[in-house]
Amino acid sequence: MDLFKDLLDFNILDAIDILLVAFLLYYVYKLIRGTVAINIFIGIVIFYLFFLLVDALQMRMLSTILGGFMSVGIIALIVVFQPEIRKFLLMIGSTNFGQKNGILKHFKFLSNSVSSNATNADAIVDACVKMGSTKTGALLVLERNNNLDFLVETGDEMNIKVTQPILESIFFKNSPLHDGAIIIANNVIKATRVILPVTNKKDIPDRFGLRHRAAIGITEKTDAIAVVVSEESGQISYVNNGEFVLFSNTQELKEKVKADLT
């Protein structure tokens, strides 16, 4: 009878509460998916369910011991999930509130005009195809909403308009600028020889080297996207949100990059 009464008391705030919790859990899963942290998270859930079971059975001694661990659990969670918490806060704090449609661009149905990134995706992809034909390794990071100025100081600051010849000359094997990544924002090369954070994922195939791991790392920690040209095979890889994005041809890759920059 009490359960039926509780169901009758269900209101719109309860529905919003459930949706927000589901949304939060979804993003927590996205942050730790494919990392060692997912196993730790599962272990914590199992530990908490065991604690609830012990408490329900009124096993006082075991409940007291487990409760002691639970009381300091928040500190342990901060230490264990420090990279994931940092990424989550970075995604929130790096949102450009001053830019027109900076928030609304994530909800296109709320806005009739959506600002777009001016980066020339055609020139970038064409340059990567050309470099791939000569097996010239390259790593290009395209800035979106999260500002990547904190990475610029690890390399050489630039202010060069993006063109296909410029990109090819930067990654030419004898060029002093070819090592490391370049950062592109609004069709301008902001920096070259940039050092990127490398992913901690354990399930990446051995055929992918340091460039690919760096591309995954930066797209895990920010909302940037990355295009990688393999020096060994000449294959082009597209990375978004810490995952390889599949494409069947050059035109499809261009369309994906343009769509993600919008």
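Only heavy atoms go into these numbers, but all of them, side chains included; no hydrogens, no water, no symmetry mates.
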- request: Measure from the side-chain N and O atoms of R144 to the backbone N and O of I225, and report whether any donor-acceptor pair falls under 3.5 Å.
  value: no

message: Measuring only between side-chain heavy atoms, which start at C-beta, is V152 closer than 4.5 Å to D149?
response: yes

field: All side-chain contact (heavy atoms from CB on, under 4.5 Å) counterparts of V245, not counting sequence neighbours
entry: Y238, N240, K256

field: Whether T222 side chain and T219 backbone form a donor-acceptor pair below 3.5 Å
entry: no

message: The criterion is salt bridge (Lys or Arg N to Asp or Glu O under 4.0 Å); which residues satisfy it with D55, sequence neighbours excluded?
response: none

query: Nearest heavy-atom pair of P197 and L151: which atoms, and what distance?
result: CD-CD2, 4.3 Å

statement: Value for CE (M131) from NZ (K173), rounded to nearest 0.5 Å, stands at 12.0 Å

- prompt: Does N146 reach the main-chain N or O of D223 with its side chain, forming a donor-acceptor pair under 3.5 Å?
  reply: yes

task: Starting at NZ of K130, measure out to CG of L167 and round the result to the nearest 0.5 Å.
output: 12.0 Å

- prompt: Measuring from I160:CD1 to I182:CD1, what's the distance to the nearest 0.5 Å?
  reply: 9.0 Å

statement: Of all heavy-atom pairs linking L140 and C128, the shortest is CD1-SG, 3.7 Å

message: According to side-chain contact (heavy atoms from CB on, under 4.5 Å), who are the partners of N249, at least two apart in sequence or on a separate chain?
response: Q251, E252

message: Tell me every residue that passes side-chain contact (heavy atoms from CB on, under 4.5 Å) with L57, counting only those two or more places apart in sequence or in another chain.
response: L53, M59

field: Hydrophobic cluster partners of V198 (side-chain heavy atoms under 4.5 Å)
entry: L210

- request: Measure across V229 and G234 and return the closest heavy-atom pair with its distance rounded to 0.1 Å.
  value: CG1-O, 4.1 Å

message: Under a 3.5 Å distance rule, please check whether T119 uses its side chain to pair with a backbone N or O of N187 as donor and acceptor.
response: yes

field: Expected output: side-chain S175 to main-chain F171 donor-acceptor under 3.5 Å
entry: no

message: I'd like to check the side-chain contact (heavy atoms from CB on, under 4.5 Å) partners of S237; sequence neighbours left out, ordered by chain and number.
response: F208, H212, V228, F244

